[in-house]
Amino acid sequence: MAKTTDKAALNEWYAIETSVDLTAKPVRSRLLGQDIELFRREDGQPVVREIEAGWPTGPALPVREKYGCIWTTLGHPNKEIFEISEAVETDRRFVPCGWVKMRASGLRVVENFLDMAHFPFVHTDILGSEPHTEVPGYLSEIRRDIDEVWATNCTFFQPRIAATESEGAFVQLTYRVPTPFVVMLYRVCPTAPERLDAIALFIHPIEEDLCRAQPVMYLVDSNSTHTALLNFEQVIFMQDRIIVENQRPLLLPLEARQEIPTRADSSSVAYRRWLKEKGIRFGTTMGAG
Ligand SMILES: [Fe+2]
C-alpha cells in the first residue's frame, strides 16, 4: 500500500526502532504504508528518510531518540513526544522487551492491552485465574486538557502479578493512552507499594492491518534478573499476539457498536470515541484511503 492520507495518523510521533539496534548500515522499513530507510550518521545522529521507487527522497524526516527508541513522524505533530516521568528516575530498571510483529491493526493491539476481562482466559494463572473473572468497576475518561485517555481505579485479582511475585493478590492498575498508537499501564509495585511500575507499549504501524509492538518497562525491582523480567513480559505478550491476530475484522471498528458494551468495556468505549473525535482512520474499518 502507499502512504496513508490520514492526516491525524500522519501527524503523530512513532517509535520505529530500538536505539541500540540502529547502526551506520541503512535498513529499510515502512511506516503508515510509506517505505522508509533509517541509519545512524557518523556523529551518532539518527536519520530517517522516505523511499520512493527504491531511492531516498525529500528531506530527512524529523527524528527523536527517547525511551530507548528512535521516533519519527511523516507529518507535523503539534506537540513533542509525551512524557513518561518514571523514565528519569535513576533507580528504575529499564527493560525494553523487543519488537513483535503482528498481523493486526495497531489500534486493536492498544484495545487488547486496555482489556482486563481477558486476563483469566488468555493469561491463565499469571494475570488472572478462574473463578476470579469479574472486572470490578473503574473510571474511564478522555482528559481534554492533555488530550489523553485514562482508566483509573482499576483492580483485578491476579495470581502472579510480576516477576517477583508468586502469591495472588488484587492489583491496582491505571491505564493511559497518550497517543493513538501508544498505551501505558501503571501498576502498584509489589516490592515498593508507594511507587508505580510503568509499562509502555509502543506500536509501529506498518500497514493498516500489520504492526510491530514493543513493551518498554520502567520497573522498581532490584531482585529479578533481566532475563526473568524479559521472560515474564514475553510470555504474556505472545499470548496476546494469538488473541489479537485472531480478532475479526483485523481493523478496529469505529461505527456504533451492534452489541451492548459491558461495564468492563468502558476504557475501550472511551478509546474508540477519542479516535473518532481525532479523525483517525488508519487501522480502522472507516478506511484510510
Ligand atoms: Fe493480554
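Numbers here simply count residues along the sequence, with the first being 1. In listed order, ligands and their atoms are each counted from 1.
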Scan the side chains in residues 45-62 for donor-acceptor partners under 3.5 Å anywhere in the protein, sequence neighbours excluded, and list what turns up.
unit_1	atom_1	unit_2	atom_2	d
Arg49	NH2	Gly58	O	2.9
Glu50	OE2	Lys3	NZ	3.1
Glu52	OE2	Gln34	NE2	3.3

Below 30° counts as parallel, above 60° as perpendicular, anything between as tilted: where do the rings of Tyr67 and Tyr218 land? perpendicular
Protein N/O/S atoms closer than 2.8 Å to the Fe ion (ligand 1):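 The answer, once waters are left aside, is His118 NE2, His123 NE2, Asp240 OD1, Asp240 OD2.
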Between Phe156 and Phe170 (judged by ring centroids, cut-off 6.0 Å), do the two rings come close enough to count as a pair?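 Centroid separation for Phe156 and Phe170: 6.0 Å or greater.
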I want to know whether Phe202 and Trp99 have ring centres closer than 6.0 Å. no
All salt bridge (Lys or Arg N to Asp or Glu O under 4.0 Å) counterparts of Glu37, not counting sequence neighbours: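 Arg28.
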What pairs with Arg143 under salt bridge (Lys or Arg N to Asp or Glu O under 4.0 Å), at least two apart in sequence or on another chain?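 Arg143 satisfies salt bridge (Lys or Arg N to Asp or Glu O under 4.0 Å) with Glu141 once adjacent residues are dropped.
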